[in-house]
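To start, the structure under review is shown below, and the notes come after it.
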4 protein chains.
Amino acid sequence: MGTSGRVGRPPAGNSEETRRLILRAARERFARDGYRATTNKLIAADVGITPTAIYHYVDSKAALYAAVYCDTIDRVYTEFEQAASAESHLLARFSAVLRRANELQIADPSIAGFIVAVAQETQRHPDLLALLRPQRGRHQRFFGGLVAEAAAAGELQPDVDQAGLSDLLGAVLTGLARMANVAGDPSRYTAAVDALERFFDGTLVTTR
Amino acid sequence: MGTSGRVGRPPAGNSEETRRLILRAARERFARDGYRATTNKLIAADVGITPTAIYHYVDSKAALYAAVYCDTIDRVYTEFEQAASAESHLLARFSAVLRRANELQIADPSIAGFIVAVAQETQRHPDLLALLRPQRGRHQRFFGGLVAEAAAAGELQPDVDQAGLSDLLGAVLTGLARMANVAGDPSRYTAAVDALERFFDGTLVTTR
Amino acid sequence: MGTSGRVGRPPAGNSEETRRLILRAARERFARDGYRATTNKLIAADVGITPTAIYHYVDSKAALYAAVYCDTIDRVYTEFEQAASAESHLLARFSAVLRRANELQIADPSIAGFIVAVAQETQRHPDLLALLRPQRGRHQRFFGGLVAEAAAAGELQPDVDQAGLSDLLGAVLTGLARMANVAGDPSRYTAAVDALERFFDGTLVTTR
Amino acid sequence: MGTSGRVGRPPAGNSEETRRLILRAARERFARDGYRATTNKLIAADVGITPTAIYHYVDSKAALYAAVYCDTIDRVYTEFEQAASAESHLLARFSAVLRRANELQIADPSIAGFIVAVAQETQRHPDLLALLRPQRGRHQRFFGGLVAEAAAAGELQPDVDQAGLSDLLGAVLTGLARMANVAGDPSRYTAAVDALERFFDGTLVTTR
DNA sequence: CATGAATGAGACTTCATTCAT
DNA sequence: CATGAATGAAGTCTCATTCAT
């Protein structure tokens, strides 16, 4: 396929960009179709190259997944950390993270779609796990840190199970991201976050 | 009748039970490995039959998925409706549903795993959608109903976006189920739900 | 590609024969073209089936090679042992083995071609080694036994290096088989064996 | 001149040496792994260049094989002729050739490995044949010559089949070389040749 | 002289599915 | 009701080779 129909090196030295294009296309496919259903052929078609060309940039499909993973996870949690650091209380921080997640999702829906799926994919294809080590655990580290800081600051009742709370926050974020992703409509995410914040404010339910 | 009753000739073969075994094995595989990675061969091996034998019970792999879907979704939302009907306020009902979901998950983890994945699978394999019609939308109907009833009962501030709230509740449930499923440890689900209820109670955070 | 152009089970239950046909075709290809250059497609074409059908009989190409190996090696050395047992002195036994090898080669040239190549193939594709264990070492055992018996019978000078002699006999057989195989003309094998026997007789060279 | 002499500008690049390195690496790979399994990438890695660079020295993989062939065959048979010319009787000449072959094998095992495999490789990849013409037949010419000279000198009984004897000598040499190559242990070659010479001497077997 | 990007052909293998038994 | 033989489509990956730089 290619662009000119002939073999050989293409006129322009677009190597670095091709790599970026491959990673992007791969993330979109992995997010939408899952690891298994994503084929090299589809990714290559998205980029406008031959399936074999992918092997100049990564060693295997699994390595491609890993490359996308490292790229993405780093970017997302860096953004989350930034968003959280702008606030000082747990709920406000969590709200800020939810909003930042929404912005990311609007900017590139495949980011959330990819991350939400990572846990399942690694469960289904354990051979991926080995390649993901570097960034593994960052999710838990982030929410665990958020809760631990709140506890240290005396924001939480002393008998609160911090692990449970950390899991809860993570689950709410993931659940919302998943919902928006499946719905394909970011405005539903926004509306759900609004409802959540009204709950935080106490302006959601009339009686308790 | 025929299975529990005593009148008449009992079925020669174990046809009906084989069907149940196939559906169960399929749900477990679909939940754990996903639609694509689940093969007829694996399901058949779990049941102790040949892959071809599956075609006596369903027309295709997609139809098998649909059969599992209808079975499962009906069971789950029937349970949810039952759990909700035992309470009278929104948050209490939601709590009851969360707890019932946990019981289901403990009883058979593949139920939650399967349901959590449905939305993604249908996105990834649109040909499944047609077969899922009958029960489609039951999720939204359930949570929409919950919120609508609360609104009708005056439990909610009048300007609350009901759709957003409904999405939020669904997302929290799904996020928690997903987390527990991935973790493979139901106790983390329980702990997270505990944290959520303390939040409802107002005994989670010290300041608001 | 099949015989009728349609999928499904063929009319006749020729399973066992198909298996034999596959093994035979595989041996011929492995002997003529080598392990690497032999493709499932070629073997299947020889048999008149689809490449995929091969996987009903063996698990992989390597397993197919192993199956051919066990089949063939057993047959050959059984014949050799039989031929040797009909004589009582080392050189006569060796001659008998050479003649029997020639008969085998005429009956089915792929037998010799395959065996001659085994050592190189296993060197080149070490993953084959594991599958070949059962019959491995039969070559050395056979020639070692021949020499040991001659020594025990006092046929050899006491200071003869038995291992060296055993290697020599094996090498001569293999060298001859290889030559005939490459030449594709069994009569050259016969002529060379004739020369060798004249040498044994002392009627080859005039002076020594 | 240019490489050993001191006059004139030394070649800027190391072109000629790179060529030699490529041929050497190729011979080793061809000998060990066979034509098919030897890849340009492996050869290039051995030399420390890129696969593409090989195409500056040869036109194709097949041409590379041919180049190695001509190089090697010429060297070997030149040595053999030299060794043979130092003796005057057939068996002594053959012994000398066997010993010289052993020396070559010790000096560079890939030489024997390559040559032993040539016949099979050309059978398997007939497209190589065309490229090998120049030196083709040198093997037969050499052993044919050896036998013809012995016959002319009256060393052989007049009714001996010269072609058969020539094939026999070639087969013994090849069989031994192959054995040593597969065993990876030149001492076994030596021991086998010792046994052969004791046979020539009449000091191997006690009775005939 | 050498590299890096890219290609097309083809290899092995898996899978859902079908048909005769 | 169930099996076993077989198929065609498709997927991942390797390789020799080419062209522009």
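Each chain gets a letter, A, B and so on, in the order its sequence line appears, and its residues count up from 1.
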Euclidean distance, atom CG of residue Asp59(B) to atom P of dA16(E) [Å, nearest integer]: 16 Å
Nucleotide of dA6(F), dT7(E), dC19(E) approaching Thr52(B) most closely (side-chain heavy atoms): dC19(E)
Heavy-atom donor-acceptor pair, Thr50(B) side chain to Ala53(B) backbone, under 3.5 Å: no
Ring centres under 6.0 angstrom apart (Tyr65(A), Phe114(A)): yes
Rounded interatomic separation in angstrom, taking CD1 from Ile49(D) and P from dT3(E): 7 Å
Pair pattern of DNA chain F in dot-bracket, where unpaired bases get dots and | marks partners in another strand, Watson-Crick or G-U under 3.5 angstrom: .||||||||||||||||||||
Under the side chain to side chain donor-acceptor pair (under 3.5 Å) test, residues paired with Arg36(A) that sit two or more places apart: none
Nucleotide of dT3(E), dT17(E), dT7(F) approaching Thr50(C) most closely (side-chain heavy atoms): dT7(F)
Short side-chain N/O contact from Tyr57(A) to OP1 or OP2 of dG4(E), under 4.0 Å: no
For the student: nearest non-hydrogen atoms of Ala37(C) and Leu42(C), plus distance: O-CD1, 4.0 Å
Most 5' of Pro51(B) and Pro51(C) on DNA chain F, judged by nearest nucleotide: Pro51(B)
Closest heavy-atom pair and its distance - Ala44(D), Pro51(D): CB-N, 3.5 Å
Identified side-chain contact (heavy atoms from CB on, under 4.5 Å) counterpart of Arg27(D) within the set Ile22(D), Val68(D), Ile115(D), Ile43(D): Val68(D)
Rounded interatomic separation in angstrom, taking CG from Asp127(D) and P from dA16(F): 13 Å
Separation of atom NZ in Lys61(A) from atom C1' in dA10(F), rounded to whole Å: 12 Å
Euclidean distance, atom CZ of residue Arg19(B) to atom C1' of dC1(F) [Å, nearest integer]: 15 Å
Residue closer to the 5' end of DNA chain F, Ala62(A) versus Thr18(C) (nearest nucleotide): Thr18(C)
Candidates dT14(E), dA2(E), dA5(E) - which lies nearest the side chain of His56(D): dA2(E)
Positions of residues 25-46 of chain D (non-hydrogen atom under 4.0 Å from DNA chain F), listed by number: Thr38(D), Thr39(D), Asn40(D)
Arg124(A) atom CZ, neighbour heavy-atom count above 12 within 6.0 Å: yes
Between dC1(E) (P) and Leu21(D) (CG): distance, integer Å: 15 Å
d(CD1, Ile54(C); P, dT14(E)) in whole Å: 13 Å
Any side-chain heavy-atom pair of Phe30(D) and Leu64(D) under 4.5 Å: yes
Under 3.5 Å donor-acceptor, Thr38(A) side chain and Arg29(A) backbone: yes
Any Tyr55(D) side-chain N or O less than 4.0 Å from OP1/OP2 of dA2(E): no
